[in-house]
Amino acid sequence: MLQKKATFKHLDILQFLNIDTHDFLEDIEKVYIKKRHYFYVSLTFILPLAIVLASFAVYKFNQPWWSFIIFFIFVSIMSFFIVSNPIYQAFIKTCEEEENLIRESIDQKLTTLATNNYFTKEAKAQRLLNQEFDIISLTTVSDSDLTSIEDNKALSVAQAPILNLEKQKADGTCFCFYEHRTLSPVILAKINLYDPKTNKFNKQIRIPIEFELVRGLVSEQIIYFKQESYIINPKLLVDVDHFQELYHSDRKEF
């Protein structure tokens, strides 16, 4: 029941892109203040009820005066759940509607960016050949791996964790945007990346990626667009026989 700010999972994407989110943050704060106000209002219903019932219990059962404190605390706790909580939940329905409108506005903002080719505009096409990466395993993509906006028609987003293999700890996150993609077929890939500075495959990334089966290992590659801090529309070309070796239908084996 305790009031708290709602989470807006796409707001951090706008902030990552350095898009002005002042209006969204201001609206979120206004809704939170309103929820907090409703919370305190709902608590005011406890006091008169607790006083009346505690006094009645002391009088009715002929108890000593100090038992009033015990009855008062007991009734207050029960009233919090039985009276205040339903009242608070009824109050905040309008707040929840406002929060949903904010979410829709954030999604619409991202969709507009994709519609205007914000992500691919001035992005540079890049290609990784099979000697520059090593596919460890492949598995089915889950809903949590990929955030879809408007049924994947305009924009989808993935936050791909990066693992430092030498230190065996997280080494940041790669934001990946899929602009104007239907994402079919798409797969979750665990890939080691080659670092020419160390001459080792010392970083590992898990990323949802479109794929196409091809013949011949020489064709295995990853193609994508790249901006300064994120990548766009990655696609994996993978050998048919290699795919059969790498794919795990059970995510636990991935």
Side-chain angles (χ1 to χ4, degrees), residues 8-25 102-135 138-163 170-196 203-214 218-239 243:
F8 298 84
K9 63 180 180 179
H10 295 157
L11 184 62
D12 61 332
I13 297 174
L14 289 176
Q15 293 171 333
F16 169 78
L17 296 169
N18 293 320
I19 303 298
D20 183 20
T21 58
H22 174 75
D23 290 343
F24 293 125
L25 293 173
I102 294 173
R103 289 189 182 91
E104 290 175 7
S105 298
I106 292 172
D107 282 0
Q108 185 57 46
K109 179 68 174 180
L110 286 167
T111 300
T112 301
L113 293 176
T115 303
N116 295 330
N117 299 317
Y118 174 89
F119 300 95
T120 52
K121 189 181 296 181
E122 299 179 358
K124 297 180 180 179
Q126 296 202 11
R127 185 185 306 264
L128 285 180
L129 301 177
N130 53 5
Q131 65 266 30
E132 298 174 280
F133 67 96
D134 184 20
I135 308 174
L138 304 167
T139 193
T140 306
V141 174
S142 69
D143 293 339
S144 61
D145 294 322
L146 196 66
T147 296
S148 304
I149 298 174
E150 287 199 350
D151 300 323
N152 276 349
K153 293 176 182 177
L155 181 70
S156 298
V157 186
Q159 296 187 47
I162 301 173
L163 174 68
D171 192 15
T173 300
C174 174
F175 264 95
C176 183
F177 296 93
Y178 307 83
E179 189 180 69
H180 303 302
R181 314 296 282 183
T182 55
L183 295 181
S184 180
V186 63
I187 202 164
L188 183 64
K190 183 192 295 182
I191 299 170
N192 288 351
L193 300 175
Y194 178 76
D195 184 358
K203 287 190 177 181
Q204 185 178 96
I205 188 169
R206 299 186 181 191
I207 185 170
I209 190 168
E210 290 183 85
F211 72 98
E212 180 182 339
L213 299 180
V214 295
V218 71
S219 299
E220 213 158 66
Q221 56 188 273
I222 300 174
I223 53 179
Y224 59 97
F225 289 96
K226 182 171 177 57
Q227 285 281 18
E228 290 184 3
S229 55
Y230 57 87
I231 62 176
I232 311 105
N233 298 347
K235 183 174 182 179
L236 171 66
L237 303 180
V238 58
D239 179 71
F243 178 87

- Item | side chain to side chain donor-acceptor pair (under 3.5 Å) partners of Tyr230, counting only residues at least two apart | none

- Across all chains, not counting sequence neighbours, the side chain to side chain donor-acceptor pair (under 3.5 Å) partners of Gln204 are Asn192

- Item | Residue pair Leu146 / Tyr178: nearest heavy atoms and the distance that separates them | CD1-CE1, 3.5 Å

- Residues that Lys109 engages under side chain to side chain contact (heavy atoms under 4.5 Å, CB included), provided they are two or more places apart: Leu14, Ile19, Phe24

- Task: Can you measure from CD1 (Ile187) to CD1 (Ile209) and round to the nearest 0.5 angstrom?
- Result: 10.0 Å

For residues 231-238, run the donor-acceptor check on the side chains, cut-off 3.5 Å, and write out each pair with its distance to 0.1 Å, sequence neighbours left out.
| residue | atom | partner | partner atom | Å |
| --- | --- | --- | --- | --- |
| Asn233 | OD1 | Glu179 | N | 2.7 |
| Asn233 | ND2 | Glu179 | O | 3.4 |
| Lys235 | NZ | Glu212 | OE1 | 3.0 |

- Message: Are the side chains of Phe119 and Leu155 in contact, using a 4.5 Å heavy-atom criterion?
- Response: yes

- Query: Is the CG atom of Asn116 crowded by more than 12 outside heavy atoms at less than 6.0 Å?
  - Reply: yes

- Got a sec, which residues hit ring-ring contact (aromatic ring centres under 6.0 Å, His included) with Phe211, two or more places apart in sequence or on another chain? Phe243

- Query: Cut-off 3.5 Å, side chains only: do Ser144 and Ser142 have a donor facing an acceptor?
  - Reply: yes

- Say you draw a straight line from CD1 of Ile205 to CD1 of Ile162; how long is it, rounded to the nearest 0.5 Å? 4.5 Å

- Message: Can you tell me how far apart OG1 (Thr112) and OH (Tyr118) are? Round to the nearest 0.5 Å.
- Response: 13.0 Å

- Query: Nearest 0.5 Å, what's the CG-CD distance between Leu129 and Glu220?
  - Reply: 11.0 Å

- Item | Partners passing side chain to side chain contact (heavy atoms under 4.5 Å, CB included) against Ser229 (at least two apart in sequence or in another chain) | Phe16

- Task: Just grab all the salt bridge (Lys or Arg N to Asp or Glu O under 4.0 Å) pairs involving residues 116-125, residues at least two apart or on different chains.
- Result: none

- Who pairs with Asp171 by side chain to side chain donor-acceptor pair (under 3.5 Å), at least two apart in sequence or on another chain? Lys203

- List in chain and number order the residues that pass side chain to side chain contact (heavy atoms under 4.5 Å, CB included) with Gln15, two or more places apart in sequence or in another chain; answer none if no residue qualifies. Leu11, Asp12, Thr21, Leu25

- Task: List in chain and number order the residues that pass side chain to side chain contact (heavy atoms under 4.5 Å, CB included) with Asp107, two or more places apart in sequence or in another chain; answer none if no residue qualifies.
- Result: His10, Ile149

- Residues Arg103 and Phe8: closest non-hydrogen pair is CG-CD2, 3.4 Å

- Item | Leu113 versus Leu17, closest heavy-atom pair with distance | CD1-CD1, 4.3 Å

- Query: Can you tell me how far CD1 of Ile191 sits from CG of Asp134, rounded to the nearest 0.5 angstrom?
  - Reply: 9.5 Å

- Sorted by chain and residue number, the side chain to side chain donor-acceptor pair (under 3.5 Å) partners of Glu132 (sequence neighbours excluded) come out as none

- Phe225 and Ala123: which non-hydrogen atoms are nearest, and at how many Å? CB-CB, 3.9 Å

- Task: Could you walk me through whether Ile106 and Ile13 pass side chain to side chain contact (heavy atoms under 4.5 Å, CB included), step by step?
- Result: CA-CA 10 Å; Ile106 292 172; Ile13 297 174; over 6 Å; no

- Just jot down the ring-ring contact (aromatic ring centres under 6.0 Å, His included) partners of Tyr194, sequence neighbours excluded, or say none. Phe201

- Minimum side-chain heavy-atom gap Leu188-Asp145 below 4.5 Å: yes

- Looking only at non-hydrogen atoms, find the nearest pair between Leu183 and Glu210 and report the distance. CD2-CG, 3.8 Å

- Determine the minimum heavy-atom distance between Val186 and Pro208, stating which atoms define it. CG2-C, 4.2 Å

- Message: Please check: side-chain N/O of His180 versus main-chain N/O of Ala114, any donor-acceptor pairing under 3.5 Å?
- Response: yes

- Considering only heavy atoms from C-beta outward, does the side chain of Val157 approach that of Cys176 to under 4.5 Å? no

- Message: Would you say NZ of Lys226 has more than 12 non-hydrogen atoms from neighbouring residues, nucleotides or ligands within 6.0 angstrom?
- Response: yes

